[in-house]
Peer 1: 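This structure is in structure tokens; I'll ask about it shortly.
Below, read A as the first sequence line, B as the second, and so on, with proteins coming before strands; counting in each chain starts at 1.
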Number of protein chains: 4
Amino acid sequence: MSGTLNKVMLIGHLGDEVKMHYFEGGGCIGRFPIATNETYTNKTTGERVTNTDWHNIVVRNKAAEICEKYLSKGDKVYVEGRLKTRQWQGEDGNTRYSTEVQVQDFTFLSTKKESQANAAQTQKPVQPEATGSAGVEKASTAEQEDDLPF
Amino acid sequence: MSGTLNKVMLIGHLGDEVKMHYFEGGGCIGRFPIATNETYTNKTTGERVTNTDWHNIVVRNKAAEICEKYLSKGDKVYVEGRLKTRQWQGEDGNTRYSTEVQVQDFTFLSTKKESQANAAQTQKPVQPEATGSAGVEKASTAEQEDDLPF
Amino acid sequence: MSGTLNKVMLIGHLGDEVKMHYFEGGGCIGRFPIATNETYTNKTTGERVTNTDWHNIVVRNKAAEICEKYLSKGDKVYVEGRLKTRQWQGEDGNTRYSTEVQVQDFTFLSTKKESQANAAQTQKPVQPEATGSAGVEKASTAEQEDDLPF
Amino acid sequence: MSGTLNKVMLIGHLGDEVKMHYFEGGGCIGRFPIATNETYTNKTTGERVTNTDWHNIVVRNKAAEICEKYLSKGDKVYVEGRLKTRQWQGEDGNTRYSTEVQVQDFTFLSTKKESQANAAQTQKPVQPEATGSAGVEKASTAEQEDDLPF
DNA sequence: TTTT
DNA sequence: TTTT
């Protein structure tokens with residue numbers, strides 16, 4: 001089987017603390033939500049719109065314990081893993097689905113404390129403008145790829 | 001907002017045909033399910049286990065039309081996009097969730113016809129052993145996947 | 001230290017056979033080149049241009065042996081790994097650099113034999129038009145994200 | 001052509017300022033180096049080893065100008081793009097190669113100023129231990145990385 | 001040096 | 001509901 005790929009990569013902020021569950025055999029899992037944002041300009045109204053997407057993150061065993069120890073609500077983290085949709089029978093007899101990201105790798109990027117320390121010291125809001133740039137690039141790259149001499 | 005990343009990358013087979021929906025404004029979307037497989041060895045029983053994960057793929061506009069034209073049930077495709085969980089009110093008043101992959105990029109990898117042509121001509125089953133190889137590198141993770149009750 | 005990410009993901013064709021090197025301690029590595037293509041339309045001339053990029057792939061130990069056994073020149077493969085630039089002293093005293101992709105995961109996608117079997121049977125050239133689509137999508141997605149009712 | 005994928009994703013720190021080059025036609029590119037780290041435990045000696053990998057990043061046009069405006073030496077950034085190896089004739093007549101990451105997307109993660117503000121306020125060194133965690137999941141690979149002579 |  |  002296989003010849004397939006199932007990969008998710010997220011950078012986002014924790015929407016809540018890591019919730020741990022311990023199993024009898026000694027294993028454990030940690031769960032926490034991560035928020036990612038997408039921002040775009042509504043073409044009709046010209047206004048800037050931001051959507052937040054929430055992702056259910058699941059970590060196991062040692063990795064879970066490390067996450068619980070070092071991650072808190074508001075922290076920014078990189079998470080890499082596999083998409084998995086669990087299903088179960090609802091009380092009304094219908095099938096319910098819940099999609100999770102089962103973590104295979106992660107890296108802590110910055111704590112909420114850091115961000116606040118910075119916000120208190122900095123005057124310019126770097127992020128808002130900065131990340132709008134990515135979309136800009138996507139368009140311009142394709143168009144000009146052939147006429148730049150390097 | 002932002003400073004975030006929301007990326008999904010899948011290689012898998014279509015479980016069904018591309019279903020198109022056309023909107024009044026001229027836009028359209030196509031939807032299709034993709035299956036990815038993970039294989040591991042149950043540490044206790046020693047048996048080889050395969051799980052299939054299903055993903056809801058959503059493509060828009062021109063890309064949707066190209067997918068409809070060239071992709072069929074059984075074909076293998078690479079898909080890259082964004083994770084998005086829609087929610088709505090169920091008839092019982094509870095919130096329901098559905099997670100989709102909104103496609104930003106894709107590449108056709110092979111048609112079912114190709115695979116069958118090959119299967120008819122080849123004697124050795126290349127994939128089964130071959131893709132076990134990837135697991136070699138990530139053995140530790142895979143081995144523990146079966147004894148956690150969730 | 002860390003809090004960093006170094007990831008490369010390639011789908012391409014082998015430009016040559018896997019070359020193995022065995023070490024005294026029992027370890028081994030395999031090396032092979034992979035070609036990826038990018039296609040775009042020259043805005044000024046309107047002509048379709050294709051560039052090929054070559055990547056030096058390095059695999060270790062068991063994974064290397066599996067690659068040697070199952071991969072041949074012309075086969076298509078998915079490769080995931082880490083970017084690494086080695087440097088050494090050239091004969092003229094200058095520093096030379098060589099960048100490699102050190103494989104962490106991979107999946108065989110199709111053999112050259114398959115492609116040929118297919119080419120012999122099929123009449124329509126699926127890929128050329130199909131993959132041009134990806135770029136199309138990148139533009140259209142951003143522009144219309146707000147006015148589609150779903 | 002195509003049916004291929006060429007993708008690089010990096011999170012790292014700028015090793016220098018963004019260097020801009022302007023072209024006659026009005027286009028421009030920015031270049032800067034990014035450092036990523038990998039850490040593993042030498043299995044024989046038991047000591048913790050850290051390697052730094054340097055990557056040549058290339059950004060174009062508007063994106064380049066935004067990078068120049070907001071990124072400084074030491075800042076942490078996420079960069080996504082394409083691997084490209086340029087080649088040229090060396091003075092000795094030999095072919096030289098230089099591999100770059102041509103940016104398609106990016107996100108600013110944190111400024112050096114932030115990190116320092118945080119370092120001044122925090123007592124516990126979160127990152128060093130925290131990112132060791134990721135290795136937990138991929139231990140088998142990392143452990144063997146040091147005893148292969150290449 | 002690959003592939004379509 | 002796919003594929004090997």
Peer 1: Tell me: NZ of B:K19 to P of F:dT1, nearest whole Å?
Peer 2: 12 Å
Peer 1: Starting at atom CG of C:L71, determine the distance to atom P of E:dT1, rounded to an integer number of angstrom.
Peer 2: 20 Å
Peer 1: Scan side-chain atoms only and decide if B:N37 and B:T50 contain a donor-acceptor pair under the 3.5 Å cut-off.
Peer 2: no
Peer 1: Nearest to the C:K73 side chain among E:dT2, F:dT3, E:dT3, which nucleotide is it?
Peer 2: E:dT2
Peer 1: Starting at atom CG of C:D16, determine the distance to atom P of E:dT3, rounded to an integer number of angstrom.
Peer 2: 11 Å
Peer 1: Calculate the interatomic distance between B:L109 atom CG and F:dT3 atom P; express it in whole Å.
Peer 2: 15 Å
Peer 1: Which part of the nucleic acid does C:G74 contact within heavy-atom distance under 4.0 Å: base, sugar-phosphate only, or nothing?
Peer 2: sugar-phosphate
Peer 1: In terms of side-chain heavy atoms of C:W54, which of E:dT1, E:dT3, F:dT1 is nearest?
Peer 2: E:dT1
Peer 1: Give the rounded distance in Å between these two atoms: CG of B:N37 and C1' of F:dT1.
Peer 2: 12 Å
Peer 1: Is the closest side-chain donor-acceptor distance between B:Y78 and B:E80 under 3.5 Å?
Peer 2: yes
Peer 1: Taking C:E17 for the side chain and C:K73 for the main chain, is one N or O donor matched with an acceptor at less than 3.5 Å?
Peer 2: yes
Peer 1: Quick one: C:E38 CD to E:dT3 P, roughly how many Å, whole number?
Peer 2: 19 Å
Peer 1: Indicate, with a heavy-atom threshold strictly under 4.0 Å, whether C:T52 touches base, sugar-phosphate, or nothing.
Peer 2: base
Peer 1: Take the protein atom CG of C:D75 and the nucleotide atom P of E:dT1, then report the distance between them rounded to whole Å.
Peer 2: 18 Å
Peer 1: Kindly indicate, with the supporting measurements, whether the criterion salt bridge (Lys or Arg N to Asp or Glu O under 4.0 Å) is fulfilled by D:E100 and D:R31.
Peer 2: CA-CA 10 Å; D:E100 304 168 338; D:R31 294 175 178 276; 2.7 Å; yes
Peer 1: Using a cut-off of less than 4.0 Å, is there contact between a side-chain N or O of C:K112 and OP1 or OP2 of E:dT3?
Peer 2: yes
Peer 1: With a 4.0 Å cutoff (strictly under), does any side-chain N or O of C:K76 reach OP1 or OP2 of E:dT2?
Peer 2: no
Peer 1: Nearest to the side chain of C:A35, heavy atoms from C-beta on, is which of E:dT3, F:dT1, E:dT2?
Peer 2: E:dT2
Peer 1: With salt bridge (charged side-chain N to carboxylate O under 4.0 Å, His left out) as the test, pick out the partner of D:D53 among C:R82, C:K7, C:K84.
Peer 2: C:K84
Peer 1: Just how far, in rounded Å, is P of E:dT4 from OH of B:Y78?
Peer 2: 20 Å
